[in-house]
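See below for the structure under consideration.
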4 protein chains.
Amino acid sequence: MTAIGKTRWAIAEGYIPSGSTGDSRALTSHETACLLNAGDRAAKVSIRVFFADREPAGPYAVTVPARRTLHLRFNELRDPEPIPVDTDFASLIESDVPIVVQHTRLDSRQAELALLSTIAFGE
Amino acid sequence: MTAIGKTRWAIAEGYIPSGSTGDSRALTSHETACLLNAGDRAAKVSIRVFFADREPAGPYAVTVPARRTLHLRFNELRDPEPIPVDTDFASLIESDVPIVVQHTRLDSRQAELALLSTIAFGE
Amino acid sequence: MTAIGKTRWAIAEGYIPSGSTGDSRALTSHETACLLNAGDRAAKVSIRVFFADREPAGPYAVTVPARRTLHLRFNELRDPEPIPVDTDFASLIESDVPIVVQHTRLDSRQAELALLSTIAFGE
Amino acid sequence: MTAIGKTRWAIAEGYIPSGSTGDSRALTSHETACLLNAGDRAAKVSIRVFFADREPAGPYAVTVPARRTLHLRFNELRDPEPIPVDTDFASLIESDVPIVVQHTRLDSRQAELALLSTIAFGE
């Protein structure tokens with residue numbers, strides 16, 4: 001299948017609420033980068049996370065196999081360090097082959113959930 | 001009317017919740033690809049759906065007539081197979097003429113609905 | 001001021017819920033095209049609305065003065081015809097000078113509001 | 001680190017609700033421009049705010065240091081003037097080095113919050 005996308009992507013918004021009313025993984029507050037690798041070669045992806053008042057964290061290394069999607073939750077990143085909660089951040093996502101990146105948040109701090117999503121900025 | 005758009009689009013996010021509190025089609029949880037064909041030729045559209053851990057599903061074939069819009073619900077796709085619920089997916093949408101694709105979700109798992117929308121990635 | 005934007009924009013999603021729990025204009029369900037004309041010449045804007053099963057409506061004519069923004073509610077369009085409620089639609093927005101178009105919906109059918117927004121597709 | 005982004009961005013939507021049910025800064029209704037400067041030079045950013053019926057406000061000057069993100073709340077801008085609440089606006093964001101801009105709103109006028117987000121229009 002022919003690849004689609006770009007190799008450098010940025011998400012300027014990021015925030016992991018510390019609280020959550022959901023009692024399952026599906027309804028726990030989360031901040032996600034959805035990665036699509038529609039091509040026939042595995043994508044080696046490197047993520048750097050930016051903050052307001054300190055040097056960037058990372059790189060975090062993930063692989064998206066050929067013809068697969070990975071919905072990556074920022075709050076599950078551990079190596080080299082977890083992303084702090086209740087803290088503004090942004091992210092830069094670089095891949096060795098074209099991918100597509102979309103940013104989604106599910107916020108369940110209150111009784112009812114709220115959602116946002118946008119295609120990231122690619123170049 | 002002059003066509004507008006691209007012929008290859010990707011939506012990296014996709015998720016059909018299995019639950020819903022809405023009691024009508026309008027308020028049932030759904031994941032939608034809104035397709036606009038503003039041009040004067042019918043668009044033959046092919047959709048492939050990507051997962052985290054298996055080969056892609058599809059292609060699903062749909063037609064958008066000239067000067068029409070089709071708001072396609074992923075949970076209504078049946079041929080060659082339905083999209084599983086509660087499962088992360090992504091989609092690649094290809095057309096033989098330029099179209100515009102926008103991704104929208106209405107989530108009514110809880111008492112109050114939540115919405116997200118973004119223009120897809122086109123190239 | 002230097003203009004920014006494109007002259008042809010498309011919004012593939014559109015839906016005006018017939019119901020609303022809000023008791024003010026601010027909290028009434030609405031579907032909006034936010035138009036920004038940052039340049040020094042007035043923008044003459046023409047809008048066509050597309051449906052699933054009939055020919056497009058319009059054109060609707062609006063003007064955005066130089067250095068102004070217009071947050072246009074589709075449910076307030078009247079000439080040549082109102083947009084039907086509870087009906088899927090899409091829109092094509094053409095301007096004689098560069099503008100920027102963003103699509104926003106506030107849905108207050110239920111007790112709590114839901115929001116979506118995305119930059120439109122411009123070319 | 002290599003910069004990413006554009007130097008001119010527009011957000012056509014803007015609205016600061018006057019009410020809020022949140023009792024903390026995190027849950028107070030807010031309209032945000034998230035700015036990412038992934039490069040190695042500080043970004044000098046100039047913001048102009050557009051209205052429906054008066055000349056633009058600003059410029060507002062902010063700096064985003066190298067390798068930092070700034071999540072700027074429009075309701076905290078004060079110089080040269082605060083942005084009025086309950087008023088439609090739009091914004092033009094110009095930087096001397098490439099940055100990425102994403103628009104996010106948290107609306108907590110009602111008991112449950114609502115969210116929207118989109119990458120801004122860059123050129």
Side-chain angles (χ1 to χ4, degrees), chain A residues 6-19 21 29-33 46-59 83 85-95 100-123, chain D residues 1-6 9 11 13 21-27 29-40 43 45 62-73 93 95 98-123:
Chain A
K6 306 274 188 177
T7 56
R8 300 189 81 215
W9 292 87
I11 302 170
E13 164 72 286
Y15 186 82
I16 303 170
S18 58
T21 60
S29 289
H30 55 266
E31 185 86 3
T32 307
S46 169
I47 301 169
R48 280 189 173 77
V49 178
F50 295 77
F51 301 96
D53 53 9
R54 50 157 280 196
E55 287 294 308
I83 313 285
V85 297
D86 295 337
T87 302
D88 292 336
F89 66 88
S91 52
L92 176 65
I93 298 170
E94 298 177 290
S95 170
V100 176
V101 177
Q102 186 168 345
H103 169 224
T104 299
R105 179 187 301 160
L106 182 150
D107 187 321
S108 61
R109 281 177 289 183
Q110 299 184 317
E112 305 296 331
L113 62 85
L115 290 173
L116 65 79
S117 188
T118 182
I119 284 290
F121 173 81
E123 72 172 25
Chain D
M1 217 167 296
T2 317
I4 183 170
K6 306 274 189 179
W9 293 87
I11 302 170
E13 164 73 285
T21 60
D23 55 357
S24 65
R25 183 171 185 276
L27 289 173
S29 288
H30 55 268
E31 185 87 1
T32 307
C34 298
L35 314 177
L36 169 61
N37 177 11
D40 288 324
V45 177
V62 296
T63 298
V64 187
R67 301 178 302 282
R68 294 293 184 276
T69 185
L70 173 65
H71 292 202
L72 182 75
R73 294 188 178 196
I93 298 170
S95 171
I99 60 173
V100 176
V101 177
Q102 186 168 345
H103 169 225
T104 300
R105 181 187 300 161
L106 182 150
D107 188 321
S108 62
R109 282 177 289 183
Q110 299 183 316
E112 305 296 332
L113 62 86
L115 290 172
L116 66 79
S117 188
T118 183
I119 283 289
F121 173 81
E123 73 174 23

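If you're wondering where the values come from, they're calculated on a predicted model, not measured in any experiment. Both backbone and side-chain heavy atoms feed into the values below; hydrogens, waters and symmetry mates do not. First the proteins, then the strands, lettered A, B, ... as listed; each starts at 1.
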Tell me, with the steps shown, if A:Glu13 and D:Thr32 meet side chain to side chain contact (heavy atoms under 4.5 Å, CB included). CA-CA 9 Å; A:Glu13 164 72 286; D:Thr32 307; 5.5 Å; no

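D:Ile99 does not touch chain A: none of its heavy atoms, backbone or side chain, sits under 4.5 Å away. With a threshold of 4.5 angstrom between heavy atoms, D:Ile119 approaches chain A through its backbone and through its side chain. When heavy atoms are compared at a cutoff of 4.5 Å, D:Ala114 approaches chain A solely by way of its backbone atoms N, CA, C and O. At a 4.5 Å heavy-atom cutoff, the contact between A:Tyr15 and chain D is made by side-chain atoms alone.
With hydrogens and angles ignored, the 3.5 Å screen pairs a side-chain donor or acceptor of A:Gln110 with a backbone N or O of D:Leu113. At distances below 3.5 Å, not a single donor-acceptor pair connects side-chain atoms of A:His103 with backbone N or O atoms of D:Thr118.
Counting heavy-atom pairs under 4.5 Å between each of D:Arg105, D:Arg67, D:Arg68 and chain A puts D:Arg68 at the top. Note: D:Thr104 leads D:Asn37, D:Leu35, D:Thr104 in heavy-atom pairs under 4.5 Å with chain A. Comparing A:Arg54, A:Arg48, A:Glu94 by heavy-atom pairs within less than 4.5 Å of chain D, the highest count is held by A:Arg54.
Of all non-hydrogen atoms in D:Val100 and A:Ala10, the two that sit nearest each other are CG2-CB, 3.7 Å.
In this structure the side chain of A:Phe121 reaches within 4.5 angstrom of the side chain of D:Lys6, judged on heavy atoms.
Rounding to the nearest 0.5 angstrom, the gap separating the CG atom in A:Asp53 from the OG1 atom in D:Thr69 is 11.0 Å.
Here D:Ala3 pairs with D:Pro98 under the side-chain contact (heavy atoms from CB on, under 4.5 Å) rule; sequence neighbours left out.
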